[in-house]
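Notes follow the structure.
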Number of protein chains: 2
Amino acid sequence: MRVLDIGEVASRSGAAPSTLRYYEEIGLIASLGRHGLRRQFDADVLLKLSLIAMGKAAGFSLDEIAGMFGRDGRPDIPRGQLRLRADELQRQMVELRTLRDVLRHVADCPAPSHLECPTFRKLMQAASHRKLAYRPTNGPRSGRKVASKP
Amino acid sequence: MRVLDIGEVASRSGAAPSTLRYYEEIGLIASLGRHGLRRQFDADVLLKLSLIAMGKAAGFSLDEIAGMFGRDGRPDIPRGQLRLRADELQRQMVELRTLRDVLRHVADCPAPSHLECPTFRKLMQAASHRKLAYRPTNGPRSGRKVASKP
DNA sequence: GCTTGACCTCAAGCTGACTTGAATTCGTAC
DNA sequence: GTACGAATTCAAGTCAGCTTGAGGTCAAGC
């Protein structure tokens with residue numbers, strides 16, 4: 001079992017030490033113990049950090065990501081829920097693709113002003129059916145708090 | 001020229017009145033004036049709010065969005081920036097797809113623990129080349145401040 | 001044995017995008 | 001003319017996800 005100290009985890013994962021400390025504080029990752037003052041981590045933490053990075057990239061909050069790990073720190077989500085999440089990601093992807101296409105169109109459209117471009121106006125029409133809603137910071141949903149393990 | 005008061009703009013756009021006031025405060029939208037205390041808006045503001053919504057969905061900050069309107073209040077979006085953003089959306093999509101695949105795999109994988117499943121590990125390997133980096137709140141970049149018009 | 005440099009803790013600060021609350025002011029309907 | 005409801009202002013609060021800074025501690029290398 002390889003043991004890494006925080007500095008190494010930091011440089012390998014790209015996360016700042018302060019971030020790792022923060023993650024530990026909120027119970028998202030766990031350290032094995034200390035060497036003097038220095039936190040020591042199992043090398044597995046790198047894998048977990050990758051998962052966390054992916055989750056963040058996908059728009060999940062840290063709370064939600066934390067909910068995806070079981071008591072033993074292993075990923076452990078009811079399979080049905082996983083499939084639901086996957087489907088939601090699928091939908092999100094479709095939205096992103098649409099948006100990407102809009103942006104590309106607008107970037108390449110030769111009309112002097114976008115308001116004069118019929119394609120743009122049409123896209124705007126389509127978009128304006130969507131309602132604005134406030135979502136504090138990022139992430140599709142905020143729910144349970146990250147629990148610090150007792 | 002249709003004139004709407006703030007309540008109507010709010011209900012049509014889905015943005016809360018407080019949000020509209022906030023947008024006006026930072027110079028993102030402008031009101032025509034008042035009827036008594038009530039702000040009055042040109043109906044055009046709805047289009048602008050749609051644009052703002054799209055911009056937000058695309059990951060632009062309000063600052064950036066504000067920068068996309070010319071002096072006359074018409075959208076005037078730098079094409080290069082749009083392409084960059086589209087490319088970033090592309091990358092985000094790829095991440096989402098990977099995560100979706102991970103989730104789907106995990107949902108269907110019969111291995112007792114995912115960490116022991118070679119497929120899982122391989123997917124994670126692929127993902128782990130990505131570095132984590134802190135981006136304060138949302139949006140890939142924060143830049144100029146929204147200027148209130150003099 | 002001393003220095004060095006990376007780590008530690010703890011509280012506080014920051015960013016963006018709003019919301020909330022208290023106290024107030026209107027226009028309109030009765 | 002008075003009550004009502006919706007809007008107003010302003011300062012302060014909120015949220016996530018960290019970073020920063022001051023002051024302290026430790027293990028390893030010389």
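Values reported hereafter were calculated over all heavy atoms of this structure, with side chains retained and with hydrogens, waters and symmetry mates removed. From a predicted model like this one, the values you see are computed outputs, not experimental measurements. Numbered from 1 within each chain, the chains take letters A, B, ... in sequence-line order.
The phosphate of D/dT19 (OP1 or OP2) has a side-chain N or O of A/Thr19 nearer than 4.0 angstrom. B/Tyr23 has no side-chain polar atom (N or O) that falls below the 4.0 Å cut-off from OP1 or OP2 of C/dA17.
The residues A/Glu25 and A/Arg21 are annotated as not salt-bridged, no charged nitrogen and carboxylate oxygen being separated by less than 4.0 angstrom. Contact check on B/Arg79 versus A/Asp108 returns no salt bridge, with no Lys/Arg side-chain nitrogen under 4.0 Å from an Asp/Glu carboxylate oxygen.
Interatomic distance, CD of B/Gln81 versus CD of B/Glu64, reported as 6.0 Å (0.5 Å rounding). Taken to the nearest 0.5 Å, the CG atom of B/Leu51 stands 5.0 Å off from the CZ atom of B/Phe69.
Picking from C/dC18, C/dA6, C/dT28 the nucleotide with the shortest atom distance to the side chain of B/His35 gives C/dT28. The side chain of B/Leu37 sits closest to C/dC26 out of C/dA6, C/dC26, C/dT19. Side-chain proximity of A/Ile6 to the nucleotides C/dC7, D/dT20, C/dT28 is greatest for C/dC7.
A/Arg34 places its CZ atom 11 Å from the P atom of D/dC26, with the value rounded to the nearest Å. Rounded to whole angstrom, the span from the CG atom of B/Asp5 across to the P atom of C/dG27 amounts to 13 Å. B/Glu24 has its CD atom 15 Å from the P atom of D/dA7, to the nearest Å. Between A/Tyr22 atom OH and C/dC10 atom P the separation is 16 Å, expressed in whole Å. Rounded to whole Å, the distance from CD1 on B/Ile52 to P on C/dG16 is 17 Å. With rounding to whole Å, B/Ile26 atom CD1 is found 10 Å from C/dG16 atom P. Following rounding to the nearest Å, A/Arg39 (CZ) and C/dA6 (P) show an atom-to-atom distance of 17 Å. Between the CD atom of B/Glu64 and the C1' atom of C/dA17 there is a distance of 14 Å, given to the nearest Å.
Between A/Gly36 and A/Ser18, the residue anchored nearer the 5' end of DNA chain D, judged by the nucleotide with its closest heavy atom, is A/Ser18.
Side-chain contact check for A/Arg34 and A/Gln40: no donor-acceptor pair (N or O, by modelled atom type) lies under 3.5 Å.
Nucleic acid contact for B/Arg21: base, since at least one base atom lies under 4.0 Å from a heavy atom of the residue.
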